[in-house]
Number of protein chains: 2
Amino acid sequence: MTSVLVVDDEPQIVKALRINLSARGYHVLTAYDGKTALSVAVEGKPDVVVLDLGLPDIDGVEVIAGLRGWSTVPIIVLSARTDSATKVEALDAGADDYVTKPFGMDELLARLRAAVRRKTKQEVDEPIVRTSTFTVDLTVKKVHRDDREVHLTPTEWGLLEILARNPDRLVSQKQLLSEVWGPTSVGESQYLRVYMAQLRRKLERDPAHPKHLITEPGMGYRFQL
Amino acid sequence: MTSVLVVDDEPQIVKALRINLSARGYHVLTAYDGKTALSVAVEGKPDVVVLDLGLPDIDGVEVIAGLRGWSTVPIIVLSARTDSATKVEALDAGADDYVTKPFGMDELLARLRAAVRRKTKQEVDEPIVRTSTFTVDLTVKKVHRDDREVHLTPTEWGLLEILARNPDRLVSQKQLLSEVWGPTSVGESQYLRVYMAQLRRKLERDPAHPKHLITEPGMGYRFQL
DNA sequence: AGCGGGTGTCAAGGAGTCGTCAGACGGCTC
DNA sequence: GAGCCGTCTGACGACTCCTTGACACCCGCT
């Protein structure tokens with residue numbers, strides 16, 4: 001049974017979601033503020049979180065960061081704000097999807113299913129990522145190039161792991177910095193340049209013209225298979 | 001069965017729409033003023049609303065706001081072609097499309113189908129938008145044209161993403177500028193012209209006669225599938 | 001025909017980002 | 001303490017991208 005944690009300070013929204021989700025066979029946990037949400041998440045281990053950004057105590061983005069500190073549970077953000085700045089902030093912090101209020105219940109349910117589907121699919125996925133020149137084994141944390149093991153430092157590995165877990169996907173600088181160096185270091189894009197260069201020197205055939213560790217100027221980096 | 005709410009104070013237009021829509025299998029609800037429209041919408045839960053802006057009691061824009069307060073139902077605005085400022089206002093308030101009077105029944109029906117299609121598609125969560133010449137993958141942030149990857153700059157991508165997330169829908173200049181360049185740049189329509197031109201050069205077969213990135217003079221732009 | 005608003009196009013500059021190197025700093029082992 | 005390793009920092013050239021201005025165009029209006 002899939003369990004959903006609903007976090008919102010508006011009782012009528014929580015109530016509406018509880019009714020609709022229960023009717024469809026979900027187990028529903030609730031919280032009305034950020035602190036409660038975090039502790040309920042720890043205890044209840046929900047399979048997916050529906051989070052309103054406008055909470056009475058802590059900023060929603062910090063709740064996302066708090067969850068992402070130890071969990072990869074899918075997070076769907078609810079918000080009345082339509083401006084893209086808030087949206088990007090939430091997604092960069094690690095949210096999976098974004099729904100603006102007012103929302104249709106059908107739409108939310110569809111996104112919920114999609115989020116859970118993505119998650120389970122990701123977990124079943126092969127934990128070994130291969131390119132033409134090197135392979136990344138995510139379970140034993142080892143990288144091979146031409147059948148020879150390549151030694152990576154912890155930071156190098158942290159960076160490569162995130163990219164390898166999102167093959168073909170564009171990963172934003174903010175997300176990389178936040179997940180490897182912590183949320184306080186978003187902005188230190190120099191780190192990224194240095195460590196991407198090191199990874200390329202160790203893994204790419206022609207580090208000056210990378211084929212797999214691709215820069216998308218102004219946006220982020222991409223692990224090209 | 002798809003139900004349509006028609007809101008107009010001119011009886012002959014309501015009648016004409018009722019006949020044409022019924023004949024095509026739509027269930028038709030009607031209202032002759034704004035207040036009635038809002039209450040009928042609450043009770044009838046229409047799948048799409050056709051709304052004349054010139055109503056006897058409340059301003060059409062406020063009707064849109066009233067609907068948007070609790071519903072994401074697609075709204076197609078009807079309007080006499082003189083008051084273009086009002087039309088932009090309507091789009092910014094959350095309307096999905098507009099049709100100028102006098103209108104061809106075929107055109108209205110096409111817009112209606114497009115609006116409904118857009119809505120259901122959104123719920124199914126299809127993150128890849130396809131046209132006859134290029135595809136936009138919203139999850140991995142990639143664009144392909146003729147099986148070749150096309151590189152976009154951050155601004156180009158930002159613009160295309162908003163349009164692609166609202167296929168078939170007319171998006172106002174104000175909304176585009178506000179979401180890509182920030183709320184302070186809502187007057188810099190020159191940006192839009194420059195970047196739309198770049199997108200067309202990269203994506204359209206004949207950039208001088210675009211088939212998918214359409215300009216609606218005075219209003220905004222539309223991503224035509 | 002002339003005018004003006006909105007639009008499409010192009011090119012040039014300047015701002016900002018990226019890759020790279022080299023060195024400083026701190027923790028660890030021997 | 002010496003040597004090693006990993007991380008951080010500053011500086012530089014090279015490059016990309018954004019902005020801006022100029023001008024032609026289309027179309028409705030006077």
Side-chain angles (χ1 to χ4, degrees), chain A residues 141 143 150-161 163 170-174 176-177 179-182 184-222, chain B residues 80-85 87-88 91 100 141 143 150-161 163 170-174 176-177 179-182 184-222:
Chain A
K141 297 189 189 263
V143 181
V150 179
H151 173 73
L152 296 185
T153 72
T155 310
E156 286 164 4
W157 171 260
L159 196 54
L160 183 62
E161 179 174 16
L163 292 169
L170 173 57
V171 186
S172 74
Q173 300 195 4
K174 268 188 192 169
L176 290 170
L177 286 165
E179 295 202 28
V180 178
W181 282 271
T184 57
S185 301
V186 291
E188 304 281 349
S189 57
Q190 169 75 348
Y191 295 173
L192 283 179
R193 293 204 292 279
V194 173
Y195 279 90
M196 284 302 299
Q198 283 174 200
L199 281 175
R200 282 170 180 150
R201 207 173 325 121
K202 289 184 177 181
L203 300 179
E204 292 275 1
R205 290 213 190 284
D206 181 1
H209 305 92
K211 281 193 150 71
H212 305 105
L213 300 170
I214 308 294
T215 303
E216 300 279 358
M219 303 205 275
Y221 292 87
R222 185 196 301 277
Chain B
R81 59 204 303 274
T82 50
D83 49 359
S84 102
K87 285 185 288 190
V88 176
L91 289 173
T100 37
K141 291 196 161 81
V143 180
V150 179
H151 174 76
L152 296 186
T153 71
T155 309
E156 286 164 4
W157 173 261
L159 198 54
L160 182 62
E161 179 172 14
L163 292 169
L170 175 49
V171 185
S172 73
Q173 298 193 2
K174 190 175 163 191
L176 291 169
L177 285 165
E179 295 208 28
V180 178
W181 282 272
T184 57
S185 304
V186 285
E188 307 280 349
S189 57
Q190 166 76 349
Y191 293 171
L192 284 179
R193 293 203 292 281
V194 172
Y195 278 91
M196 285 303 298
Q198 280 173 204
L199 282 175
R200 282 170 180 149
R201 195 161 356 105
K202 289 184 177 182
L203 300 178
E204 293 274 3
R205 288 210 193 285
D206 182 1
H209 306 92
K211 289 170 95 158
H212 303 106
L213 299 170
I214 309 295
T215 303
E216 301 275 357
M219 326 231 64
Y221 293 86
R222 180 196 304 274

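Naming: A, B, ... by sequence-line order, numbering from 1 per chain.
Rounded to a whole Å, the CE atom of A:Met196 is 18 Å from the P atom of C:dT17. Between B:Leu159 atom CG and D:dC17 atom C1' the separation is 15 Å, expressed in whole Å. Taking atom CD on A:Gln173 and atom C1' on C:dG19, their separation rounds to 13 Å, with Å as the unit. In this structure, B:Arg201 places its CZ atom 13 Å from P of D:dC17, rounding to the nearest Å. In this entry the distance linking CG of A:Leu192 with P of C:dT17 reads 13 Å, nearest Å. The NZ-C1' distance, from A:Lys202 to C:dG19, rounds to 17 Å in whole Å.
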Between protein and nucleic acid, restricted to nucleotides 7-16 of chain D and to nitrogen or oxygen atoms under 3.5 Å apart, what atom pairs and distances do you find?
| from | atom 1 | to | atom 2 | distance (Å) |
| --- | --- | --- | --- | --- |
| D:dT7 | OP1 | A:Thr155 | N | 2.9 |
| D:dT7 | OP1 | A:Thr155 | OG1 | 2.3 |
| D:dT7 | OP2 | A:Thr153 | OG1 | 2.5 |
| D:dT7 | O5' | A:Thr155 | OG1 | 3.4 |
| D:dT7 | O5' | A:Tyr195 | OH | 3.1 |
| D:dC8 | OP2 | A:Trp181 | NE1 | 2.9 |
| D:dT9 | OP2 | A:Tyr191 | OH | 2.6 |
| D:dG10 | N7 | A:Gln190 | NE2 | 3.4 |
| D:dG10 | O6 | A:Gln190 | NE2 | 2.6 |
| D:dA11 | N6 | A:Gln190 | NE2 | 3.2 |

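The nearest pair of heavy atoms linking A:Trp181 to A:Thr155 is CZ2-CG2, 3.4 Å.
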Margin query: ring-ring contact (aromatic ring centres under 6.0 Å, His included) for A:Trp157 and A:Tyr195? Distances and angles first, verdict last.
Written below: CA-CA 10 Å; A:Trp157 171 260; A:Tyr195 279 90; over 10 Å; no
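No donor-acceptor pair under 3.5 Å is formed between the side chain of B:Gln173 and the backbone N or O of B:Ser189. Put simply, the side chain of B:Thr153 gets close to the backbone of B:Glu156: a donor and an acceptor are under 3.5 Å apart.
Among the atoms of the strands shown, none is found under 4.0 Å from any heavy atom of A:Glu216. The residue B:Thr215 sits close only to the backbone: its heavy atoms come under 4.0 Å of sugar-phosphate atoms, none of a base.
In A:Lys202, the NZ atom is crowded: over 12 heavy atoms of neighbouring residues, nucleotides or ligands sit closer than 6.0 Å.
Under the 3.5 Å distance criterion, with hydrogens and angles disregarded, a donor-acceptor pair is assigned to the side chains of A:Arg193 and A:Gln190.
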